[in-house]
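Basis for what follows: all heavy atoms, side chains included, without hydrogens, waters or symmetry-related copies. The shown structure was predicted, so the numbers you read here are calculated from the model rather than taken from an experiment. So you know, we letter chains A, B, ... as the sequences are listed, proteins then strands, and number each from 1.
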Amino acid sequence: MKLFKTLAVSAAVAMAATSGTASAGTLEDVKARGELNCIVTTGVAGFAAPNDAGRWEGFDVDFCRATAAAVLGDADKVKFVPTTGKTRFTALNAGEGDILYRNTTITMSRDADLKLTFLGVNYYDGQGFLVPKALGVTSAKQLDGASVCIQTGTTTELNLADYFRANGMSYEPVTIETNEEGQVNYLAGRCDVYTTDASGLAATRSSFDNPNAHVILPEIISKEPLGPAVRQGDDAWADTARWVLNVLIEAEELGITAGNVKGLASNGSNNPAINRITGVEGSYGEMIGLDKDWAVRAISAVGNYGEIFERNIGVNTPLGLARGLNAQWTEGGILYAAPAR
Amino acid sequence: MAASSATSESGRQSLWYRIFYDKETRSTAIQVLTLTLLFAFFFYIIRNAVINLEAIGKGYSFKFLWEPSNYDINQTLIEYDSRSPHWRATIVGILNTLLVAVTGIIIATVVGFIMGVLRLSHNWLINKVVYVYIEYVRNVPVLLHILMVHGVIVNTLPLPRNAISIDDTFFLTNRGFYTPKPLFEPAMWAVFIAFVVGIVFSIWFNHYAKKVQDATGKIYPVIWISLAAIILFPILVYFVVGSPMSFEMAELRGFNFKGGLVLRPEYLALTLALALYTAAFIAEIVRAGIQAISHGQTEASYALGIKPNRTMRLVIIPQALRVIIPPLSSQYLNLTKNSSLAIAIGYMDIVATIGGISLNQTGREMECMTIVLALYLSFSLMISAFMNWYNKKMKLVER
Ligand SMILES: N[C@@H](CCC(=O)N[C@@H](CS)C(=O)NCC(=O)O)C(=O)O
């Protein structure tokens, strides 16, 4: 009886004493913190990986930096939060990061059920297969009975199950956590095949001692539109981050580069579309909670979409990826950013 | 207000006075305070979780367990494919965890007892070798052992097409050890029944032999007769009913071996590393348990003319077990819980299936984690309950 009373009293007091405080919007949080927390991979060469000096570099990383430049005025005010395929969404939803740029495929369940808000596509990809040349395999249809390394928590493992099932083939899934582990197991021959997004395969192959001993098979078995995401329910922040992405893509279309953006901003241009981006015309920055130079800062920090692409993953990098689908719509690709107007 | 309602029965002096000077009131106050903080903590985290889940519009529902999992698992002890529901994937994970826990505990116990006894050997070399082994194993984190064993298997053994073949029956590769798989025909039932009969007979015979010994002092070779009943008898039946068992051989087809039974590198690495790590602790527990029994017991036993191995078996070990069992149970618990390190090498246990892929693909963190916690808790409670029962059984029956 006494014990019960003690418990009841304690519980009542505890309940009365605990009350939470709701947090402000993410944009305000980021500004107040003076730093953007950006969720990236644990390391995929060309997309997001620390260089020898420990500075994060890559395609996804540059979009993080552009966002920080637009919001905070400094492309270095970013804290990178490395996550595995498995931990990324929990990390985002738990508030460990403000935005996710992590080779992440937009899917219906992630958008609707996992409660993310996707902001657009920064890389159109598809799932492929990497095999040692010595295996003599030329098509994914010859992979019946193979051991396949896959990263857990990805769309990859679902596509793979579907593909082998649909083609009446069997396989042994070898489930691993990170790209690094995948490479180790693949190179040791624990699996015959490594499968992930084709861009990721190119990145993985580029980091091998002997990249030419491995081939990417011609089959692309899925659609993987990769793009950034934020937590659902903060539309203001989603808008800010979405338009940083859009404006980087549109900048390429309009010929605005890291080199000429400052000049265009101070001298103006005959093209009103350019003027809207450089803040010469209108108050587009204000609409997303920023000032009029937001886009100028983002573009001068990392360049436009094309510059980011060529610097990190383009044909002249070890990854050697062609623009392909990721060319502007005017150049035969499907990159088609909504206009800043 | 809180404390006054708890202590309102005796009310002459002021509450503050009593909190400081009355021992009982003071202890009640401290209990209330501690519990308040504890409750506050739980309310805070649960409330936080609920609010945050609500804020992003997520409910708490286990309906997803009946939807197709959409992923494949390499080691499945029951039938399973990517069309099976999540609950089935959970069971696959549970069985994989239990497989590691049970085989790991058996190996750890056997190796641990042997090493514990060897640690007491008068042979300097044996003693020191075991000592060095124990100290090395105990002082390296178990995760490193797991990664090392896995790394060694995957990196040093050959690919399937160059498999090390033993008599074309057993194959060692870096994708696992392949052995023939027994296929049972219906008549195999007779053999299983013979086996059960053997066990029942042994139990009965044990009692009988004890009674005879108590009454007349005559000693039967109980162990040998039991072994014969449990092993030889079923073998005999096996041949009488015409060997109703065949073997499916593993053979190389394409990329991998097909057929047969396979012990995958992930299973081997996890089980061996956990077992050998735990064995080192068990060895120390066994050594301490034996040393805890005073040497006078041995001398007294010898003085009664009991032979050394009987002394060990009938006098020392039963007493030592009382000291050994409680810490032994906690080693079993540790091994079971440590099996969740499976994640490091991709062994598909509970954490990797329902707590990993299912969780991630459905986004049901709270639900999946609840399931995982409940499962580990019930394993631990089951092991504890069993060990408590065994401990009670081994207790000295005092007069
Ligand atoms: N696009 C797929 C796969 C993403 C993925 O995990 N890709 C790998 C290979 S490109 C990766 O980023 N790994 C990085 C890491 O291990 O941290 C998804 O969103 O599920």
Side-chain angles (χ1 to χ4, degrees), chain A residues 2-3 5-15 17-20 22 85-87 89-90 93-95 109-110 113-115 135 142-147 149 152-155 157-158 160-162 164-165 170-177 181 184-185 188-193 231-233, chain B residues 1-3 5-6 28 31-44 47-48 51-52 55-58 69-74 81-83 151 153-155 158-160 174-175 253-256 258 264-266 343-348 352 356-357 359-365:
Chain A
K2 180 148 180 248
L3 174 71
K5 224 177 202 171
T6 314
L7 283 175
V9 170
S10 313
V13 174
M15 199 140 43
T18 43
S19 56
K86 235 172 84 174
T87 56
F89 303 127
T90 315
N93 272 334
S109 61
R110 286 173 179 178
D113 204 28
L114 265 55
K115 307 297 177 192
L135 221 49
Q142 300 166 347
L143 291 177
D144 191 13
S147 296
C149 280
T152 178
T154 59
T155 48
E157 63 193 345
L158 308 181
L160 185 71
D162 288 355
F164 274 77
R165 195 181 172 82
S170 68
Y171 69 105
E172 183 207 12
V174 180
T175 316
I176 41 105
E177 286 274 300
E181 256 178 75
V184 170
N185 276 287
R190 174 64 186 91
C191 43
D192 303 293
V193 191
R231 280 181 293 280
Q232 182 169 304
Chain B
M1 146 238 129
S5 67
T28 309
Q31 284 176 42
V32 169
L33 188 72
T34 315
L35 282 169
T36 304
L37 291 177
L38 198 68
F39 275 119
F41 175 69
F42 282 117
F43 276 126
Y44 178 71
R47 191 170 167 280
N48 233 342
I51 289 180
N52 285 334
I56 54 173
K58 268 194 192 176
S69 67
N70 286 315
Y71 62 91
D72 285 303
I73 298 177
N74 51 6
D81 64 31
S82 63
R83 298 287 90 208
I153 295 177
V154 167
N155 286 297
L159 290 168
N174 74 341
R175 308 229 175 123
R253 257 183 275 144
F255 297 96
N256 277 311
K258 289 265 169 71
R264 291 198 164 73
E266 291 76 29
I343 198 91
I345 49 170
Y347 179 73
M348 300 302 282
I357 306 183
L359 181 156
N360 199 258
Q361 299 294 1
T362 60
R364 305 256 152 227
E365 291 104 344

A.B. asks: Quick one: which of B:Asn155, B:Asn174, B:Ile343, B:Thr362 has the most heavy-atom pairs under 4.5 Å with chain A, could you say?
C.D. replies: B:Asn174
A.B. asks: Flag the one option from B:Leu359, B:Ile345, B:Asp81 with the top tally of heavy-atom pairs under 4.5 Å to chain A.
C.D. replies: B:Asp81
A.B. asks: Let me know if B:Arg253 has heavy atoms under 4.5 Å from chain A in its side chain, its backbone, both or neither.
C.D. replies: neither
A.B. asks: For B:Ala344, which atoms come within 4.5 Å of any heavy atom of chain A: side chain, backbone, both, or neither?
C.D. replies: backbone
A.B. asks: Mind listing the closest non-hydrogen atom pair of B:Val154 and A:Ala188 along with its distance?
C.D. replies: CG1-CB, 3.4 Å
A.B. asks: Can you tell me which of A:Ile176, A:Leu160, A:Leu135 forms the most heavy-atom pairs within a distance under 4.5 Å of chain B?
C.D. replies: A:Leu135
A.B. asks: Any chance you could measure A:Thr175, atom OG1, to B:Ile357, atom CD1, to the nearest 0.5 Å?
C.D. replies: 5.0 Å
A.B. asks: Flag the one option from A:Gly95, A:Gly145, A:Gly233 with the top tally of heavy-atom pairs under 4.5 Å to chain B.
C.D. replies: A:Gly145
A.B. asks: Chain B heavy atoms under 4.5 Å from A:Glu181: which part of the residue, side chain, backbone, both or neither?
C.D. replies: side chain
A.B. asks: In terms of side-chain geometry, is the basic nitrogen of B:Arg175 or A:Glu172 positioned less than 4.0 Å from the acidic oxygen of its partner?
C.D. replies: no
A.B. asks: Can you tell me how far apart CD (A:Glu157) and OG (B:Ser69) are? Round to the nearest 0.5 Å.
C.D. replies: 9.5 Å
A.B. asks: Counting only heavy atoms closer than 4.5 Å, note whether A:Glu177 contacts chain B via side chain, backbone, both or neither.
C.D. replies: side chain
A.B. asks: With a 4.5 angstrom heavy-atom cut-off, which part of B:Asn48 approaches chain A: side chain, backbone, both or neither?
C.D. replies: neither
A.B. asks: Please name the pair of heavy atoms, one in B:Asn74 and one in A:Val174, separated by the smallest distance, quoted to 0.1 Å.
C.D. replies: ND2-CA, 4.4 Å
A.B. asks: Work out which heavy atom in A:Ala161 is nearest to a heavy atom in B:Asp72; give both atom names and the distance.
C.D. replies: CB-OD2, 3.2 Å
A.B. asks: Any side-chain to backbone donor/acceptor pair from B:Gln361 onto A:Thr154? Under 3.5 Å, distance only.
C.D. replies: yes
A.B. asks: Would you mind checking which part of A:Tyr171 comes under 4.5 Å of any heavy atom in chain B, side chain (CB onward), backbone (N, CA, C, O), both or neither?
C.D. replies: side chain
A.B. asks: Once rounded to the nearest 0.5 Å, what's the spacing between atom SG of A:Cys191 and atom CZ of B:Phe255?
C.D. replies: 12.0 Å
A.B. asks: Which one of A:Ala146, A:Ala94, A:Gly85 has the most heavy-atom pairs closer than 4.5 Å to chain B?
C.D. replies: A:Ala146
A.B. asks: Please confirm whether the backbone N or O of A:Lys86 pairs with a side-chain atom of B:Asn360, one donor and one acceptor, at under 3.5 Å?
C.D. replies: yes
A.B. asks: Does any non-hydrogen side-chain atom of B:Ile153 lie less than 4.5 Å from one of A:Arg190?
C.D. replies: no
A.B. asks: If I measure from the heavy atoms of chain B, does A:Asp162 come under 4.5 Å with its side chain, its backbone, both, or neither?
C.D. replies: side chain
A.B. asks: What distance separates A:Ser109 OG from B:Asn70 CG, expressed to the nearest 0.5 Å?
C.D. replies: 9.5 Å
A.B. asks: I want to check something: taking the side chain as every heavy atom from C-beta on, are B:Lys258 and A:Ser170 in contact at a cut-off of under 4.5 Å?
C.D. replies: yes
